[in-house]
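Right, one structure below, let's go through it.
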Amino acid sequence: MNMDIFNLSKEIIVITGISGNLGISYANELLKRDAVVVGLDLEQNKNINDLKKIFSSKFLFIKCDITSKKQLESVQKVIIKKYSYPTVLINNAAIDSPPSAPIEENGPFEYYPEESWDKIMEVNLKGVFLCCQVFGNIMASNKTGSIINISSIYGMLSPDQTIYEYKRKNGEDFYKPIGYSVSKAGVINMTRYLSSYWAKSGVRVNTLTLAGVENNQDKKFIKAYTSKIPIGRMANSEDYIGPIVFLSSKASNYMTGANLVVDGGWTSI
Ligand SMILES: NC(=O)c1ccc[n+]([C@@H]2O[C@H](COP(=O)([O-])OP(=O)(O)OC[C@H]3O[C@@H](n4cnc5c(N)ncnc54)[C@H](O)[C@@H]3O)[C@@H](O)[C@H]2O)c1
C-alpha cells in the first residue's frame with residue numbers, strides 16, 4: 001500500500017480536550033507525523049509543557065472553553081494568523097461524572113439531577129456543536145476538512161448496569177448515569193447531519209466510537225468490564241491512534257457520516 005495516503009505533514013489539526021488522557025496521546029502521534037497541532041483545553045498541564053518543548057512551533061496550546069462561541073472564534077483567528085485554515089478537527093473534549101459530582105448523579109435514574117443533565121449536554125453536545133460551527137464553517141469555505149467526533153459505546157448501547165453490580169453489593173447505590181450515554185448518542189447523529197450537510201463542500205464528518213481505557217480503575221471494575229469485551233482486555237490509549245491517523249488523513253477520503261467503532265468487539269455481541 002502507498003503509505004503517502006497517511007501523510008499528515010500538510011494538516012493543521014485542532015484537538016479539543018488536549019490535556020486529558022487521550023488528547024495528549026493523539027497530539028503526540030500527530031506531531032510525530034509532522035502535522036501542526038493546536039490543542040484546546042480548560043487547563044494546561046505538564047504533558048502540554050512537554051509537547052511545547054519537543055515540538056516547539058508545530059504545537060500551540062490555547063486555553064479555551066469549548067462551550068463559549070466567542071472564545072472559539074478568537075481561537076480560530078489566532079490559528080489562521082499563526083498557521084492557516086485548520087484542516088482537521090478532533091472533537092475529543094467531554095465530561096463524564098467527575099468524582100466531585102453530587103452523590104445523586106451516580107445514583108438511581110429517578111433522582112438524577114437536572115443540573116447534571118444540563119452540564120453534560122452543555123459540554124458534550126453544545127461544545128461539539130459550537131466547534132463544528134466555528135471550525136467546520138471555515139473548512140467548508142476552504143473546501144477541505146475532516147471532523148472527527150468522539151463518541152462511546154455507551155452512545156450506541158445502554159450501559160450494562162450489571163457491570164456495576166459489585167458496587168451495589170458493597171452498599172453503594174451506584175448506577176452508570178444517563179447523561180453521558182445520551183450525549184454520546186447525540187454526537188453520533190450530529191455527525192450524520194453534518195456529513196450530509198457538508199458533503200459537497202469537501203468537509204468529511206465521522207464519528208470515532210471508543211470503549212473504556214484501562215486507567216487505574218479498581219480491579220473489580222476491570223474484571224466486570226473486561227468480561228464484556230471479546231478481545232479480553234480494556235483498551236490502552238495507543239489502540240486509538242491508528243483510527244485517528246486514518247480519519248485525519250486522505251486515507252479516509254471516501255468516508256463520511258460513518259461511525260468507526262473501535263471497541264475490542266463490545267458492540268458485536
Ligand atoms: N477514556 C475512556 O475510557 C473513554 C471511553 C470512551 C470514550 N471516551 C471519550 O474520549 C474522549 C477523551 O476521553 P479522556 O479519557 O481523554 O477524557 P479526559 O477526561 O481525560 O479528558 C477530557 C479533557 O476535556 C477537557 N474539557 C472538559 N470540558 C471542557 C471544556 N468545556 N472546554 C475545553 N476542554 C474541556 C478536560 O479538561 C480534559 O482535559 C472523550 O470524548 C470521552 O468521552 C473515552
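Here the structure is a predicted model, which is why all the values come from computation and not from measurement. One-based numbering, in listed order, for ligands and for the atoms of each.
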Where is the nearest protein heavy atom to [atom]: which residue, which atom, and how far?
atom: atom 38 (C) of ligand 1; answer: Asp41 OD2, 3.5 Å
atom: atom 4 (C) of ligand 1; answer: Ala211 O, 4.2 Å
atom: atom 31 (N) of ligand 1; answer: Asp65 OD1, 2.9 Å

Once you restrict to heavy atoms under 4.0 Å, what part of [X] touches ligand 1? Side chain, backbone, both or neither.
X: Glu43; result: neither
X: Val123; result: side chain
X: Cys64; result: backbone

Is the closest N or O pair between [X] and ligand 1 shorter than 3.5 Å?
X: Ile66; result: yes
X: Asn91; result: no
X: Asn92; result: yes

Practice problem: Evaluate the ring planes of Phe221 and Tyr225, with Trp represented by its six-membered ring, and classify them as parallel (under 30°), tilted (30 to 60°) or perpendicular (over 60°). | Solution: tilted
Quiz prompt | Mutual orientation of the aromatic rings belonging to Tyr164 and Phe174 [parallel < 30°, tilted 30-60°, perpendicular > 60°] | solution = tilted
Using the rule that Ile, Leu, Val, Met, Phe, Trp and Tyr join whenever any side-chain heavy atoms are under 4.5 Å apart, tell me whether [X] and [Y] fall into a single cluster.
X: Met156; Y: Ile163; answer: yes
X: Val14; Y: Phe246; answer: no
X: Phe109; Y: Leu157; answer: yes

Exercise. Could you tell me whether ligand 1 has any atom less than 4.0 Å away from a heavy atom of Ser237?
Key: no
Quiz item: Out of curiosity, is Lys184 lining ligand 1, as in a heavy atom under 4.0 Å away?
Solution: yes
Please list, in number order, the atoms of ligand 1 under 4.0 Å from a heavy atom of [X].
X: Val213; result: 1 (N), 2 (C), 3 (O)
X: Ser151; result: 7 (C)
X: Leu210; result: 6 (C), 7 (C), 10 (O)

Quiz item: Is a side-chain donor or acceptor of Gln71 paired with a backbone partner of Asp65 at a separation under 3.5 angstrom?
Solution: yes
Exercise. Please work out which of Thr16, Ile150, Val187 has its closest non-hydrogen atom nearest to atom 10 (O) of ligand 1.
Key: Ile150
Quiz item: So which of Tyr26, Tyr180, Tyr240, Tyr225 gets nearest to atom 8 (N) of ligand 1, if we judge by its closest heavy atom?
Solution: Tyr180
Self-check item: Closest approach of Ser248 to Leu30 (non-hydrogen atoms, all atoms of both residues)
Solution: OG-CD2, 4.3 Å
Quiz item: Is there at least one protein heavy-atom neighbour under 4.0 Å from atom 21 (O) of ligand 1?
Solution: yes
Quiz item: Heavy atoms of the protein only: does one fall short of 4.0 Å from atom 17 (O) of ligand 1?
Solution: no
Quiz item: Between Asp34 and Lys58, is the closest basic N to carboxylate O distance under 4.0 Å?
Solution: yes
Quiz prompt | Lys/Arg-Asp/Glu bridge criterion (N-O < 4.0 Å) met for Lys220, Glu165 | solution = no
Quiz item: Does Lys176 make a cation-pi contact with Tyr180 (under 6.0 Å, within 45 degrees of the axis)?
Solution: yes
Quiz item: Does anything in residues 122-131 pair up under side-chain hydrogen bond (donor to acceptor under 3.5 Å, both in side chains), and if so which pairs, sequence neighbours excluded?
Solution: Glu122-Lys126, Asn124-Ser183
